[in-house]
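Beneath this line is the structure, given in structure tokens, with notes to follow.
Counting convention: from 1, in listed order, for ligands and their atoms alike. Computed from heavy atoms alone, side chains included, the values below leave out hydrogens, waters and symmetry copies. This is a predicted model, so every value here is computed, not measured.
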Amino acid sequence: MSDARPIGVFDSGVGGLTVASALAARLPAETLLYLGDTARLPYGTKSAATVERYTQANVDFLERRGVKAVVVACNTASALALGRLRSALPVWGVIEAGAAEAAARSRGRVGVLGTEATVRSDAYGRALRRLRADLEVESLACPLFVPLVEEGWLDDPVTEAVARRYVTPLLESGVDTLLLGCTHYPLLAPLLARLAGDGVALVDAATAVAEQVAGELERRGLAARTKAGTDHFCVTDASERVERIAREFLARPVALELVDVGGAPEGA
Ligand code: DGL
């Protein structure tokens, strides 16, 4: 049996293309329907109530478009909104998968990097401690990383100085694992690996969730056997900047459909 319906992937913007890429690499037979809520980005600085409302509207939109399951690629939305989400579909966020991989790899002390909202929620900390009560977790908001990545400054002295300032205290405190708890951070992995050195494992929630989704689709009889369609990318605001960033994240040009998800008015 093969279920050819697409998997919905939702993010606050185009950063979640890191998760879409990880899904495409792990599940080449699946078709993806991506939604980036670029009109209301960023989520990482917003309150839980607002992120919940936006997330519900985005998941409802993907459901109306006929997806078979939803992956909430946005770490902030996964951290703040997953618990209260109403959907008839299977919905997976990135927190559990990222935390499971970090808990499996850590020797005892995990540093979690994320947006202000993700860190404030302590969703990763709670998930990590649930999995391994002995783990020490230190979380740090890195709000400058998202704009630096979106600027394309991945290997740049300014980004290196910012990263050094953020992660040095964590490294000095003895973390042995850094959990990259934001859609954009996998693009900084080479730089962070260089700063952290060989003794520190880098865990990326994007790769971890792709592995989890592969297992869940099989288990629920929802997997596709051959790729039946082409991946499709929707955004709620399609500026030239968004197109450029999407191109850089995917390393190829991409057509973006401008959509109105309805539900929660912008800025409300
Ligand atoms: N996608 C968000 C996350 O993973 C980062 C960008 C934002 O703040 O909306 O947390």
Item to check | Nearest-0.5 Å distance, CG of residue L80 to CG of residue N75 | outcome: 11.0 Å

Next on the checklist: Please report the interatomic distance CZ(F233) to CG(L35), rounded to the nearest 0.5 Å.
Outcome noted: 12.0 Å

Next on the checklist: For T45, which part has a heavy atom under 4.0 Å from ligand 1: side chain, backbone, both, or neither?
Outcome noted: neither

Item to check | Atoms in ligand 1 with a heavy atom of D11 nearer than 4.0 Å | outcome: 1 (N)

Next on the checklist: Using 30° and 60° as the class boundaries, would you call the ring planes of Y43 and F10 parallel, tilted or perpendicular?
Outcome noted: tilted

Checklist entry - Taking non-hydrogen atoms only, is N75 closer than 4.0 angstrom to ligand 1 via side chain, backbone, both or neither? => result both

Checklist outcome for this item: Residue, atom and distance of the protein heavy atom nearest atom 8 (O) of ligand 1 read G44 N, 2.8 Å

Next on the checklist: When you compare the side chain of E101 with that of T207, does any pair of heavy atoms fall below 4.5 Å?
Outcome noted: no

Next on the checklist: I'd like to check which ligand 1 atoms, numbered from 1 as shown, lie under 4.0 Å from a non-hydrogen atom of L41.
Outcome noted: 9 (O)

Item to check | Close approach of G13 to ligand 1, heavy atoms, under 4.0 angstrom | outcome: no

Checklist entry - What protein heavy atom sits nearest atom 10 (O) of ligand 1, and how far away is it? => result T76 OG1, 2.6 Å

Checklist entry - Do the ring planes of H184 and F249 sit parallel (below 30°), tilted (30 to 60°) or perpendicular (above 60°)? => result perpendicular

Checklist entry - To which protein heavy atom is atom 6 (C) of ligand 1 closest, and what is the distance rounded to 0.1 Å? => result S12 OG, 3.7 Å

Next on the checklist: Please check whether T118 reaches ligand 1 - meaning an N/O of the residue sits under 3.5 Å from an N/O of the ligand, judged on distance alone.
Outcome noted: no

Checklist entry - Which value, rounded to the nearest 0.5 Å, describes the distance between R247 atom CZ and R252 atom CZ? => result 12.5 Å

Checklist outcome for this item: Atoms of ligand 1 under 4.0 Å from any heavy atom of Y43, numbered from 1 in the order shown, are 7 (C), 8 (O), 9 (O)

Next on the checklist: I want to check something: taking the side chain as every heavy atom from C-beta on, are V67 and R5 in contact at a cut-off of under 4.5 Å?
Outcome noted: no

